[in-house]
Amino acid sequence: MITLSRRAQQIQPSATLAITAKANQLKAQGVDVIGFGAGEPDFPTPPHIVERAAEALRKGDTRYTSVGGTPALRSAVAAALQRDYGLTYRTAEITASCGAKHTLFNLFLALVDDGDEVIVPAPYWVSYPEQVQVAGGVPVIVSTEEADGFLLRPEALAQALTPRSKALVLNSPSNPTGAMYGRDELAALARVLDDRDVVVVSDDIYHKLTYDGARFVSLLGVAPSLRDRTVIVNGVSKTYAMTGWRIGYAAGPERLIQAMEDLQSQSTSNPTSFAQAGAVEALSGPQACVGEMVAAFDERRRLLVAGLDALPGVRCPLPQGAFYAFPNVSGVYGSVTPSGVEIRNSLTLAAYLLEEAQVAVVPGGPFGADDYIRLSYATSLDNIRKGLGRVAEALGRLRRS
Ligand code: PMP
Ligand code: GLU
């Protein structure tokens with residue numbers, strides 16, 4: 001009998017990927033499932049990016065590269081940071097990995113010792129607390145309120161800080177809430193951090209996906225004094241519809257970036273050579289494709305959010321960024337399905353919707369917010385219309401206990 005490591009026993013598999021796997025399995029069995037599960041653009045990667053990677057393959061870009069990415073990729077990241085953030089980074093302050101998830105994993109491993117605390121505002125993306133724990137750290141979950149637009153209040157941050165606080169994770173626009181921090185909110189958080197030796201992990205992976213004229217604000221644009229302890233994490237997955245390519249990157253203090261790279265040199269080595277070539281094209285080629293995808297997401301966002309908000313027992317604020325609707329469904333809790341099962345929480349509701357309506361949503365529980373479910377609107381308007389109809393019908397079949 002194999003005894004698994006403490007780490008392996010402790011880890012929860014990714015709920016977002018699990019629900020998608022389940023939906024795909026049902027689809028493969030011929031069930032007509034509508035998937036609002038994993039957050040990934042449904043668009044194909046833009047052709048000029050695909051062409052650049054294909055060309056790289058044909059040219060023989062098929063060998064190991066330097067661990068943290070080719071000089072071309074690091075330079076493209078530096079130029080994108082200058083263009084999008086107005087920030088100047090040297091290539092030694094930049095490292096690339098196999099997706100931003102991998103970048104974050106390296107980062108927590110490079111930063112966190114046993115017992116170190118990492119502050120994670122809730123609702124949070126499912127992988128932050130798990131990665132912190134794998135690294136031996138303690139995720140300190142700090143709740144935010146729907147009434148505050150799910151933004152971390154400076155007082156709540158101040159209260160969560162202890163001598164063991166090592167890092168704070170900020171994710172704006174947020175997965176799962178779509179919430180975005182503005183200048184004033186970031187400045188207030190920066191003031192709390194001013195005299196504290198806490199690293200800020202700024203996960204900006206949705207920075208280009210913003211709506212209604214709202215613009216992404218970078219923490220370092222507001223508080224440049226935090227530059228020597230802020231790490232920007234980003235990638236090409238969401239902005240350029242490149243989830244399968246697995247390219248993410250970090251920009252931050254050289255010593256930390258080097259440590260992340262050293263760890264990576266003993267695990268995956270470099271990210272895939274020709275995927276890096278595609279990422280160079282994504283970051284430095286024509287950007288019109290991004291605006292086109294954002295316009296499509298925007299139309300879907302309005303349709304999905306309005307449809308959810310109109311359902312009895314459901315309240316859905318309009319998110320400003322990313323591609324998720326995060327409705328409060330607690331008004332449905334306590335009701336009973338036709339087969340006599342009580343809808344007690346987000347898990348039972350998500351299971352009911354999958355089984356009875358063939359609609360895949362992610363329960364809010366694994367995001368630290370059990371009154372909610374998450375629906376990705378990175379899917380077609382047709383799917384959204386059909387899915388909303390099915391959800392409405394399934395909720396209509398519930399009766400109050
Ligand atoms: N951060 C957040 C908040 C995300 O939602 C995702 C999506 N998977 C990632 C990081 C990682 O993205 P990827 O590994 O595809 O670059
Ligand atoms: N970030 C996406 C999501 O939250 C992709 C899945 C994952 O990596 O968690 O659905």
Side-chain angles (χ1 to χ4, degrees), residues 11-24 35-42 45 69 73 77 80 95-108 118 120-132 150 168-181 201-210 216 231-251 260 264 268 271-272 275-276 278-279 282-283 297 319 321-326 350 360-369 372-379:
I11 200 160
Q12 296 294 324
S14 164
T16 48
L17 295 181
I19 199 91
T20 311
K22 179 98 192 272
N24 286 341
F36 294 105
E40 67 172 337
D42 57 330
T45 304
L73 178 57
V77 169
T95 189
S97 316
C98 310
K101 191 185 267 183
H102 183 214
T103 306
L104 287 159
F105 197 72
N106 286 338
L107 177 53
F108 291 125
V118 176
V120 181
Y124 46 76
W125 177 45
V126 295
S127 294
Y128 300 134
E130 296 298 325
Q131 292 195 349
V132 168
F150 294 113
L168 161 71
V169 178
L170 282 182
N171 174 217
S172 172
S174 149
N175 175 5
T177 66
M180 264 172 76
Y181 289 85
V201 176
S202 187
D203 180 348
D204 304 345
I205 193 134
Y206 296 101
H207 76 306
K208 293 274 192 182
L209 309 186
T210 64
F216 165 78
V231 184
I232 294 173
V233 176
N234 211 322
V236 294
S237 285
K238 316 286 174 174
T239 308
Y240 302 99
M242 292 174 72
T243 46
W245 294 63
R246 311 311 302 131
I247 300 289
Y249 53 84
M260 290 165 66
Q264 184 165 303
T268 60
T272 302
Q276 292 187 56
L283 292 168
F297 289 142
F323 41 51
Y324 306 105
F326 200 57
V361 306
V362 191
F367 298 95
Y372 301 81
I373 56 174
R374 193 194 77 176
L375 295 89
S376 160
Y377 50 83
T379 185

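Counting from 1, the numbers follow the sequence of the chain as shown. Read the numbers this way: they start at 1 and go in the same order the structure lists the ligands and their atoms. Keep in mind the model is a prediction, meaning the values are calculated, not measured.
- Close N/O approach between N175 and ligand 1 is found [any backbone or side-chain N/O within under 3.5 Å].
- F326 and Y372 have parallel rings, their planes meeting at less than 30° on a 0 to 90° scale where 60° marks the start of perpendicular.
- Annotation: the span from I232 atom CD1 to T103 atom OG1 amounts to 12.5 Å, rounded to 0.5 Å.
- Not a single heavy atom of G235 sits under 4.0 Å from any atom of ligand 1.
- For ligand 1, the polar-atom distance check finds an N/O of A100 within less than 3.5 Å of one of the ligand's N/O atoms.
- Of the protein's non-hydrogen atoms, the one nearest atom 7 (C) of ligand 1 is K238 NZ, 2.7 Å.
- From the protein, the heavy atom lying nearest to atom 12 (O) of ligand 1 is I205 CD1, 3.6 Å.
- Within the 4.0 Å heavy-atom criterion, neither part of T20 lies near ligand 2.
- The shell of residues lying under 4.0 angstrom from ligand 2, judged by heavy atoms, excludes S127.
- Judged purely by atom type and a 3.5 angstrom limit, D203 uses its side chain to pair as donor or acceptor with the backbone of I205.
- Within ligand 1, counting atoms from 1 as listed, the ones closer than 4.0 Å to a heavy atom of G99 are 14 (O), 16 (O).
- With hydrogens left out, the protein atom closest to atom 9 (C) of ligand 1 is W125 CH2, 3.4 Å, a heavy atom.
- The backbone N or O of A179 sits less than 3.5 Å from a side-chain atom of T177, completing a donor-acceptor pair.
- Residue-level proximity to ligand 2 for K101 is carried by the side chain, the only part with a heavy atom below 4.0 angstrom.
- Residue contacts with ligand 1 include Y128, since one of its heavy atoms falls under 4.0 Å from the ligand.
- The side chain to side chain contact (heavy atoms under 4.5 Å, CB included) with I247 is formed by just one residue from the set P271, C98, S237; it is P271.
- A donor and an acceptor atom, one from each side chain of Q264 and S97, are located under 3.5 Å apart.
- An N or O contact shorter than 3.5 Å links K101 to ligand 1 by distance.
- Below 4.0 Å from some heavy atom of S237 lie the following atoms of ligand 1, by number and element: 13 (P), 15 (O), 16 (O).
- Using a 4.0 Å heavy-atom cutoff, E40 is absent from the residues neighbouring ligand 1.
- Counting only N and O atoms by type, the side chains of W245 and T45 include a donor and acceptor under 3.5 Å apart.
- For K101, the salt bridge (charged side-chain N to carboxylate O under 4.0 Å, His left out) test picks out no residue, with sequence neighbours left out.
- When only non-hydrogen protein atoms are considered, atom 1 (N) of ligand 1 lies nearest to D203 OD2, 2.6 Å.
- Looking at F297, F150, Y206, W125 one by one, the single match for ring-ring contact (aromatic ring centres under 6.0 Å, His included) with Y324 turns out to be Y206.
- A heavy-atom separation below 4.0 Å is not found between H102 and ligand 1.
- The protein heavy atom nearest to atom 7 (C) of ligand 2 is T16 OG1, 3.4 Å.
- Only the side chain of Y324 comes within 4.0 Å of ligand 2, judged by heavy-atom distances.
- Interface atoms of ligand 2 facing A38, defined by a heavy-atom separation under 4.0 Å, are 10 (O).
- Close contacts between ligand 2 and K238 involve ligand atoms 1 (N), 2 (C), 5 (C) [criterion: under 4.0 Å to a heavy atom].
- Of all atoms in ligand 2, numbered sequentially from 1 with element shown, those under 4.0 Å from a heavy atom of S14 are 9 (O).
- Within the structure, ligand 1 lacks T243 among the residues with a heavy atom less than 4.0 angstrom away.
- Looking only at protein heavy atoms, the nearest one to atom 14 (O) of ligand 1 is R246 NH2, 2.7 Å.
- An N or O contact shorter than 3.5 Å is missing between N171 and ligand 1 by distance.
- When heavy-atom distances to ligand 2 are checked against a 4.0 Å cut-off, L17 comes that close only through its side chain, counted from C-beta outward.
- For F367, the CZ atom sits in a packed shell: over 12 heavy atoms of surrounding residues, nucleotides or ligands are nearer than 6.0 Å.
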